[in-house]
Amino acid sequence: MTASRTLKVKPAYTHKFKKGYPLLTLDALLDNRVDMEEGDIFRLVDERGAFIAKGYYGRQNKGHGWILTSHEGEEIDQAFFDRLVAEAVCKRSQLYHQSETTAFRVFNGEGDGIGGLHIDYFDGYYLIHWYSRGIYAFKPLVLQALENVVSYKGIYEKKRFGRQGGTYVEDDDFVKGEKATFPLMVKENGMKFAVYLNEGAMVGFFLDQREVRKVIRDHYAEGKSVLNTFSYTGAFSVAAALGGASKTTSVDVANRSLSKTIEQFSLNGIDYEAQDIIVEDVFKYFNYAAKKQQTYDMVILDPPSFARTKKHTFSATKDYKRLLKDIIPLTEAGGMIVASTNSASLSMKKFKRFIDSAFKEKGGSYNILETYTLPKDFKTLASFREGHYLKVVFIKKEF
Ligand code: SAH
């Protein structure tokens, strides 16, 4: 990670990088290739050799590395990491001071100046996600930066780079400090969630839906029957039940979802036996519910961007409209559909077009009441649209 290579950018891409685009892709380079080691520092220059920016090489499914600075004289050293981590922590100072919320994102990749690096906070513990071997090469500097900037109970990590890239490396995720006892109990706007930092890539709940859970609890759930699909550990069901839902039904195909959902309900003092928790493929459940003419006041759709089960392959960019068409008949007139996607390649515009044509094809009418994107701690760049991956639309079904 000491070498510094010079990479020439195609004229058509120069402007984009000068405007702050953070991701290095091969098609942007004059000779369409790089010959570097993970973690090497590169200098991007234009066709005539004039400096544009500096970055590090790291293979991710997204690209080949990230821009770190547009200042030629800036060294990528301890002081650089200290400064960026300190700035990121400072921007979250409000969250650090909220006693009702003890879990949030501290460092959000390129949005905070270093693509491929995420750091989350869970009640005194820090969880670092490394998205390439390249960024992992800077581990000593990142750990030292945390040491210099915050006090912590312990640090855990997720190496999210496998041989195929992008996959999670199964390992002991403890790094240093005090080991946590799991489940770690965290709070989010007063709701409680059980978190496991040492059990695979997913920790038990998704921090980016904080605002959506809150608005469901505070404004939409009271007295409502709620169907939560792709429910994972049931975080949306917990929010709805705490908001006074008459009943929640959580559906997820993964076996683990049953015990995990029971755990989240119990932590929050909700009688899980009064709720339905169903381990099944949602598409199979839709058929069953349609046959029984079952309807709900609120349906939450939060599928992964891609999923493959024995019977179905789901891709948000191809199949979200079909999903909407499946649930429109299961939603009461006057009821709500909360449609969420974390697919970076499905834009809000296209997502709304799916919603529109799903209703047209089903012959119904709707109104969009609210939309949500990432909360502020998931800092993004205006120059990098792919970073704004979350879109959540609250759709009222009129008839
Ligand atoms: N909505 C959740 C997060 C969803 S994560 C939350 O708020 O926490 C995606 C989930 O979809 C996973 O738990 C996975 O098991 C589930 N899943 C994927 N394909 C599915 C299918 N066809 N039917 C039911 N669940 C599915």
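Owing to the predicted nature of the structure, the values given are computational and were not obtained by experimental measurement. As the structure lists them, so they are numbered: ligands from 1, and atoms in each ligand from 1.
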If you count the atoms of ligand 1 from 1 in the order shown, which ones are under 4.0 Å from a heavy atom of Y232?
-> 2 (C), 3 (C), 4 (C), 8 (O), 13 (O)
Is V251 near ligand 1, meaning one of its heavy atoms is under 4.0 Å from it?
-> no
Residue part near ligand 1, for T309, under 4.0 Å between non-hydrogen atoms = side chain
Against heavy atoms of A307, which atoms of ligand 1 measure under 4.0 Å?
-> 18 (C), 19 (N)
Going by distance only, is there an N or O of D302 that falls short of 3.5 Å from an N or O of ligand 1?
-> yes
Among side-chain atoms of T248 and Q275, is any donor-acceptor pair under 3.5 angstrom?
-> yes
Taking the six-membered ring for Trp and the full ring for Phe, Tyr or His, determine whether the centres of F42 and Y56 are under 6.0 Å apart.
-> no
Go through ligand 1 atom by atom and flag the ones less than 4.0 Å from a non-hydrogen atom of F206.
-> 3 (C), 5 (S), 8 (O)
Should you measure from each heavy atom of R256, which atoms of ligand 1 turn up under 4.0 Å away?
-> 12 (C), 13 (O), 15 (O)
Under the criterion side chain to side chain donor-acceptor pair (under 3.5 Å), which of D112, D377, D120 is the partner of R105?
-> D120
Answer yes when K311 and D281 have at least one side-chain N-carboxylate O distance shorter than 4.0 Å, and no when they do not.
-> no
Give a yes or no on whether the ring-centroid distance for F122 and Y125 is below 6.0 angstrom.
-> no
Quick one: does ligand 1 sit under 4.0 Å from the side chain of F230, the backbone, both or neither, non-hydrogen atoms only?
-> both
For E280, the ligand 1 atoms with a heavy-atom partner under 4.0 Å come out as 23 (N), 24 (C)
